[in-house]
Amino acid sequence: MWADEVKKLLIEEHEDAFYSVAYYETVDSTNEVVKRAADAGAREGLVVIGEEQTAGKGRLGRRWESPKGESIYFSFLLRPDFPADHSAALTLVMGLSVAQAVRELYALPVWIKWPNDVVIDGKKICGILTEARLVSGEADLDYVVIGTGINVNNTSFAPELRDRATSLRIALGQEASRARVLAVVLRLFHRNYENYRQTFDLRGLITDYNSLLVSLDKKVRVEDPKAPYIGISRGIDSTGRLLVEREDGSMCRVATGEVSVRGLYGYV
Ligand code: BTN
């Protein structure tokens, strides 16, 4: 079972003290499993892998199709010691970790589509859904759940996803190892998270993030519902906002979740 291999690899990577891995054949959503465990007192570092999800959740209330056998669906629990308004950037830390892991293992030209999709050849291989719970009545975080779906060995996608989704297998032309991908993602996330915790922002990760940003120094369209505009992406700042230089030379800072940013010719 591939989750046992993940556990073995985490021991080899000396990450077994931080993470504890639980594997389920079928779950509603790994985010929901981790939230229930967190409410019952689970400790930071719990990783829940689902072989399939019957109610996989995407961002903006969308569904995340989660058939068994090909992809990675996992969520893990953090109990951060910083204020809630610093938690949105953790999604960027996860996107960075997935992109770095794929490059480390397979040397594929993988990029980050700000804020948190990971893409190859202009198509998505990874989506991330972060959910936070506050201590009741306060601005402090009780916990954060980071849920990630990675298309590893998918050979085809539903017609509506076909021109926007791809997998490591399609990009490589051969099978990839779900266990190795997940173990390296977890190792890199832990390293990047420790970096983030030193300053409670992304200043120590900006260079790495921007070097993998698919839009860097390219034209993007900011889909601001009030007034969409075109500018040049200049990378993120330490809070995770995307800097977009407008034609008049002014710099806009686009916050995550506020508006979508696209290249001029399609999804990326
Ligand atoms: C997106 O819309 O891009 C985010 C997709 C997040 C999917 C993952 S799969 C594991 C975890 N459990 C869920 O229900 N969703 C996330």
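Keep in mind it's a predicted model, so treat the numbers as computed, not measured.
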Check Asp248 with Arg246, please: is the shortest side-chain N to carboxylate O separation under 4.0 Å? no
Could you label the plane-to-plane angle of the Phe189 and Tyr193 rings as parallel, tilted or perpendicular, counting under 30° as parallel and over 60° as perpendicular? parallel
Tell me whether Asp201 contacts the main-chain N or O of Arg203 through its side chain, where contact means a donor paired with an acceptor under 3.5 Å. yes
Between Ser75 and Asn31, does any side-chain donor sit less than 3.5 Å from a side-chain acceptor? yes
Taking it one step at a time, do Glu70 and Arg169 satisfy salt bridge (Lys or Arg N to Asp or Glu O under 4.0 Å)? CA-CA 10 Å; Glu70 296 172 336; Arg169 180 174 176 160; over 6 Å; no
No-hydrogen, no-angle side-chain donor-acceptor test under 3.5 Å, Tyr143 and Arg79: no
Salt-bridge test for Glu13 and Arg187: reply yes if a basic N is under 4.0 Å from a carboxylate O, no otherwise. yes
Taking only Lys NZ, Arg NE, NH1 and NH2, and the carboxylate oxygens of Asp or Glu, determine whether Lys7 and Asp16 approach each other closer than 4.0 Å. no
Please answer: with hydrophobic residues joined when any side-chain heavy atoms are less than 4.5 Å apart, are Tyr106 and Trp2 in the same cluster? yes
Taking Asn153 for its side chain and Ala176 for its backbone only, find out whether a donor-acceptor pair lies under 3.5 Å. yes
Do Glu32 and Lys35 sit within salt-bridge range, that is, some charged N less than 4.0 Å from a carboxylate O? yes
Using only atom types and a distance under 3.5 Å, with no angle test, would you say the side chain of Asn154 pairs donor to acceptor with the backbone of Val152? yes
Is the backbone N or O of Phe157 less than 3.5 Å from a side-chain atom of Arg162, with the two atoms forming a donor-acceptor pair by type? yes
Atom pair CG/CD1 of Asp117 and Ile112 - distance to nearest 0.5 Å: 10.5 Å
Over 60° means perpendicular and under 30° means parallel, so tell me whether Phe200 and Phe82 are parallel, tilted or perpendicular. tilted
